[in-house]
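Below, chain A is the first sequence line, B the second, and so on; all start at residue 1.
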There are 2 protein chains.
Amino acid sequence: MQIGQLATRTETKVETIRYYERIGLLAAPPRSPSGYRQYGQDHLRQLMFVRHCRDLGFSIGEIRSLQALAHDPRQSCAEITALAEAHLSEVRSKLAGLRRLERTLGRLITSCDGRRVADCQILKELGSIGG
Amino acid sequence: MQIGQLATRTETKVETIRYYERIGLLAAPPRSPSGYRQYGQDHLRQLMFVRHCRDLGFSIGEIRSLQALAHDPRQSCAEITALAEAHLSEVRSKLAGLRRLERTLGRLITSCDGRRVADCQILKELGSIGG
DNA sequence: CTTGACTCTCTAGTCAGTATAGGCTTGACC
DNA sequence: GGTCAAGCCTATACTGACTAGAGAGTCAAG
């Protein structure tokens, strides 16, 4: 399978796949005589793993850790759970922050009645007239 | 006021203030004979405005627009409201994404009972054994 | 007169890609 | 066999919003 097909199948851009290879997140595949990358099922699975992790918001460093942990199947998966839990609590604190933001922005918007900038409550609440 | 004091008062790092000046988000202040930046109340207000906007998640481009709009106090503030509303809907879609993430991660974590990596449900759901 | 905290400029690094330039390879059509 | 587009290659630079470091100058206190 060539890089383009792998890209389509995993919904990843070609450049991103090459980038993952460059940073060592995806194993370098063998090449055709002309230098084209030739991917197999293992690469497809590995890239799917990476994509799923990224979709869940794991950083590339975290994915590296997950890959390292996965490498030895006899190890306890407590560390994996711990990593996922740490990530979950990060997600939760981001959620809390965004909820606060939503409230503040909502209040800001309803506080303004849309007349002249001079009386704009939004700008007033934002601190002062900048620029 | 020197840059360090401005930094303390606005809870901004010194480097960030210099960065804002460099990109034109904060007016360049006069300098002392030895080249130190000398800030006044206007700079303080302007930087507070910027910080509040950043805290609310506005991008630097959006802050530039807000500053430009604020520049002419006779203008209607409909554009400002529109900008804030666009930002709010962005925040809401990020919230929705994070909520999905929270559910998925929570499910993933509870699905695993913490034994060997070989049987780890988290890794299984994440796609396959990478590395 | 020396110490230490503060300031200056300039450059490079972060994260996770994305984009571009300039050049090969492949397969289809004529 | 010629030529064209689509696909692939490397290498480099760019993004946003800072952050960090080097190396040097400035200032007040002891």
Sequence neighbours excluded and cut-off under 3.5 Å, please list the side-chain donor-acceptor pairs for residues 96-110 of chain A, or say none.
residue  : atom : partner  : partner atom : Å
A/Glu102 : OE2  : B/Arg92  : NE           : 2.8
A/Thr104 : OG1  : A/Arg100 : O            : 2.9
A/Arg107 : NH1  : A/Glu125 : OE1          : 3.1
A/Arg107 : NH1  : A/Glu125 : OE2          : 3.3
A/Thr110 : OG1  : A/Gly106 : O            : 3.1
A/Thr110 : OG1  : A/Arg107 : O            : 3.0

Nucleotide range of DNA chain D contacted by chain B, 5' to 3', under 4.0 Å to a heavy atom? D/dA17 to D/dC27
Does C/dT18 have OP1 or OP2 under 4.0 Å away from a side-chain N or O of A/Arg22?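 For C/dT18, neither OP1 nor OP2 has a side-chain N or O of A/Arg22 closer than 4.0 Å.
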Would you say a side-chain N or O of A/Thr16 is under 4.0 Å from OP1 or OP2 of C/dT18?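 The answer is yes; a side-chain N or O of A/Thr16 sits under 4.0 Å from OP1 or OP2.
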Pick from B/Leu47, B/Val50, B/Ile17: which one makes a side-chain contact (heavy atoms from CB on, under 4.5 Å) with B/Leu25? B/Val50
Interface with DNA chain D, restricted to residues 84-93 of chain B and to heavy atoms under 4.0 Å: none
B/Gly4 to B/Val14 - nearest heavy-atom pair and separation: CA-CG2, 4.1 Å
Taking side chain to side chain donor-acceptor pair (under 3.5 Å) as the test, write out the residues that go with A/Arg51, two or more places apart. A/Thr12, A/Tyr20
With sequence neighbours left out, write down each residue that passes side chain to side chain donor-acceptor pair (under 3.5 Å) with A/Arg37, or none if nothing qualifies. A/Glu21
Expressed in angstrom and rounded to an integer, what is the separation of B/Gln38 atom CD from C/dC8 atom C1'?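 Going from B/Gln38 (CD) to C/dC8 (C1'), I get 13 Å.
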Out of C/dT18, C/dT7, C/dG17, minimum distance to the side chain of A/Ile60 belongs to C/dG17
Counting side-chain heavy atoms from CB outward, which of C/dT18, C/dT9, C/dT26 is closest to A/Tyr36?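 Within the option list, the nearest is C/dT26.
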For A/His87, which residues count as a ring pair (Phe, Tyr, Trp, His ring centres under 6.0 Å) partner, sequence neighbours excluded? A/Phe58
